[in-house]
Amino acid sequence: MRQDPVECVFQFLCSSNNNIKRIEKMVSVLESYGSHLGSAGGFEFYQFPSIERLASIAETELRQAGFGYRAKYVVGTAKALQGKPGGGEKWLSSLRQMELGAVIDALCTLPGVGPKVAACIALFSLDQHHAVPVDTHVWKIATRYLMPELGGMSLTPKLCNRVAEAFVAKYGKYAGWAQNVLFIGELSSQKVPSAVDGTAPHAGKAVKRKRVKKDLPISGGIEEK
DNA sequence: CGACAACCTTCTGA
DNA sequence: ATCAGAAGGTTGT
């Protein structure tokens, strides 16, 4: 995707301990702080607001808009970015030249950004294709297929790293994207209670079928190009 | 370093 | 209809 890093940071800031529908709603609230670009196809388009604009928002305003405890993260991260050498925008894109570990560490200095969100930002906007965000779903996948001996344990930061390493060992330099495919398959929105044959859903018809889970849907490394 | 509660709010599954 | 638990975690103790 190579998303714009500023957008990416604030979008994933909204994602912690949250569900997709609400995340989308919150992101659209953030967008509304940017300048209106126009409308097309029934959608309104906005320039994503600048770091300066985001830093100027009152935390209470975001709370009122339904951000919950993430309101202070948005304002806090905007302000923290302003304080980075050369400004937040430049600082973020400079991370593209760094090692993954250093990128994660740097991003984790922002309030509300932990290892998982940092990995998402690194993968989706900072060219770190081997960044593997380990969340509750990926943890389930890992303990089911890759590291069954870890089943039942709680997901500690150290174990996060082991899971990420296991994904890289299996899928190679694009492990982050493999993770993304597996992650989406794990979402409850992609599943249904009955069904059994693993047939792909009909295009256009909202027929959902549950994938039969026997082995990892993706086997072997991802080919280069 | 690991475990654990707290945190806002909405949606889901039983 | 209702309600505990989960939801693309992070932070402080």
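Numbered from 1 within each chain, the chains take letters A, B, ... in sequence-line order.
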- Message: Between B/dA3 and C/dG8, how far apart are the two C1' atoms, rounded to whole Å?
- Response: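 Those two atoms are separated by 23 Å.
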- Item | Inter-nucleotide P distance (C/dC3, B/dC8), Å rounded |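 Roughly 23 Å separates the two P atoms.
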- Item | Over all atoms of both residues, closest heavy-atom pair of A/A175 and A/Y171 |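 What the structure gives for the nearest pair is CA-CB, 3.8 Å.
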Within this structure, what is the [atom1]-to-[atom2] distance between [X] and [N], rounded to whole angstrom?
X      : N      : atom1 : atom2 : answer
A/L13  : B/dC7  : CG    : C1'   : 14 Å
A/L155 : B/dA3  : CG    : P     : 11 Å
A/I23  : C/dG8  : CD1   : C1'   : 6 Å
A/R22  : B/dC7  : CZ    : P     : 15 Å
A/M153 : B/dG2  : CE    : C1'   : 10 Å
A/N19  : C/dG9  : CG    : C1'   : 13 Å
A/F183 : C/dG9  : CZ    : C1'   : 13 Å
A/M26  : B/dT10 : CE    : P     : 10 Å

- Nucleic acid contacts - residues 115-125 of chain A versus DNA chain C, non-hydrogen atoms under 4.0 Å: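 Nucleic-acid contacts, sorted: A/P115, A/K116, A/V117, A/C120, A/F124.
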Give [X] one of three labels, base, sugar-phosphate or nothing, depending on what nucleic acid heavy atoms sit under 4.0 Å from its own.
X      : result
A/V113 : sugar-phosphate
A/P111 : sugar-phosphate
A/L110 : sugar-phosphate

- Task: Identify, with sequence neighbours excluded, every residue that meets ring-ring contact (aromatic ring centres under 6.0 Å, His included) alongside A/F183.
- Result: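 ring-ring contact (aromatic ring centres under 6.0 Å, His included) check on A/F183 returns A/H137.
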- What pairs with A/F124 under ring-ring contact (aromatic ring centres under 6.0 Å, His included), at least two apart in sequence or on another chain?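 If we apply the ring-ring contact (aromatic ring centres under 6.0 Å, His included) test to A/F124, skipping adjacent residues, the hits are A/F12, A/W177.
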- OP1 or OP2 of C/dA7 under 4.0 Å from side-chain N/O of A/K140: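 Looking at the OP1 and OP2 atoms of C/dA7, one of them is under 4.0 Å from a side-chain N or O of A/K140.
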- Task: Using only side-chain N and O atoms of A/T136, determine if any of them is under 4.0 Å from OP1 or OP2 of C/dA7.
- Result: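 A/T136 to C/dA7 OP1/OP2: side-chain N or O found under 4.0 Å.
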- Message: Taking Watson-Crick (N1-N3 plus N6-O4 or O6-N4) and G-U wobble (N1-O2, O6-N3), each under 3.5 Å, can you produce the dot-bracket string of DNA chain B? Use [ ] for crossing pairs and | for inter-strand ones.
- Response: ..|||||.||||||
- Crowding at CD, A/E31 (>12 non-hydrogen neighbours, <6.0 Å):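 Count over threshold, so yes.
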- Task: State yes or no: do A/Y33 and A/F48 share one hydrophobic cluster built from I, L, V, M, F, W and Y residues joined by side-chain heavy-atom distances below 4.5 Å, directly or via other members?
- Result: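 Yes, A/Y33 and A/F48 fall within the same hydrophobic cluster.
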- Candidate nucleotides B/dC11, B/dC1, C/dG9, ranked by approach to the side chain of A/K158 - the nearest: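 Shortest atom-to-atom distance from the side chain points to B/dC1.
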- Message: Using the side-chain heavy atoms of A/K25, tell me which of these nucleotides is nearest: B/dT10, B/dC1, B/dC7.
- Response: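 Nearest nucleotide to the side chain: B/dT10.
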- Pairs flagged by ring pair (Phe, Tyr, Trp, His ring centres under 6.0 Å) wherever residues 76-117 of chain A is involved - sequence neighbours left out: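 Applying ring pair (Phe, Tyr, Trp, His ring centres under 6.0 Å) to every pair that reaches into residues 76-117 of chain A, excluding sequence neighbours, yields nothing.
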- Those residues of residues 63-77 of chain A lying under 4.0 Å from DNA chain B by at least one heavy atom: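 A/R63, A/G68, A/Y69, A/R70, in order of number.
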- So, A/S56 versus A/R53: side-chain donor-acceptor pair below 3.5 Å or not?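 Judged by distance alone, the side chains do pair up.
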